[in-house]
Amino acid sequence: MNNSTVGNGSRKEEILAKNRRSNDDEGIKYAVNEGLKLGNYYIEIVGILLILLCVITGQILTMWALFALYGAHCFGDFLAKYRYFKQKRYMMGAIVFGVLFGGYFAFLFVREVGVLQGWWG
């Protein structure tokens, strides 16, 4: 047996031991990531259905509230992706959805609190 094989074997054991000590289970990470993906799909589908229901029933303020909720969800998603990947497309997505979320929320706040009640009957 040559020394390179022995060195590689000990290096492999060292890596395996380090991985066991780290308490980092790839299976759990995979399950959590898959759950997050499915959760995102379901929130988008249910959000679209609720917005359609609001349009059909004429509940416009509820629709704006759903837009604000969806905007906040997308803002958080893009912000997390930008912080990890550092890509401009995620930064732009975070900015766009942050502005949309802020605008929808500000509209609802002003409308419901009545700060400008004279403007909107």
When hydrophobic residues are tied together by side-chain contacts of less than 4.5 Å, even through go-betweens, does [X] share a cluster with [Y]?
X      : Y      : result
Tyr104 : Val55  : yes
Val96  : Phe105 : no
Tyr82  : Tyr84  : yes
Leu69  : Val110 : no

| field | Heavy-atom closest contact (Phe101 atom, Ala68 atom, distance) | value |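 That would be CD1-O, 3.2 Å.
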| task | Heavy atoms only: give me the nearest Phe97-Phe75 pair and the separation to one decimal. | result |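 Shortest heavy-atom separation between Phe97 and Phe75 comes out as CB-N, 3.7 Å.
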| said: Consider side chain to side chain contact (heavy atoms under 4.5 Å, CB included). Of Leu66, Val46, Thr62, which one does Ile51 pass it with? | reply: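 By the side chain to side chain contact (heavy atoms under 4.5 Å, CB included) criterion, Ile51 pairs with just one of Leu66, Val46, Thr62: Leu66.
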| Leu53 versus Met63: any side-chain heavy-atom pair under 4.5 Å? |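 No; the side chains remain at least 4.5 Å from each other.
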| message | Parallel, tilted or perpendicular, judged at 30° and 60°: which one describes the rings of Phe78 and Tyr90? | response |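 The arrangement is tilted - the two ring planes meet at 30° to 60°.
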| query | Any idea how Phe107 and Trp64 line up, ring-wise: parallel (<30°), tilted (30 to 60°), or perpendicular (>60°)? | reply |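 Ring orientation of Phe107 relative to Trp64: tilted.
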At what distance, to the nearest 0.5 angstrom, does [atom1] of [X] lie from [atom2] of [Y]?
X     : Y      : atom1 : atom2 : answer
Lys86 : Met91  : NZ    : CE    : 11.0 Å
Ile45 : Tyr41  : CD1   : OH    : 9.5 Å
Ile43 : Leu50  : CD1   : CG    : 10.0 Å
Leu49 : Cys54  : CG    : SG    : 11.0 Å
Ile95 : Lys88  : CD1   : NZ    : 11.0 Å
Tyr70 : Leu100 : OH    : CG    : 11.0 Å

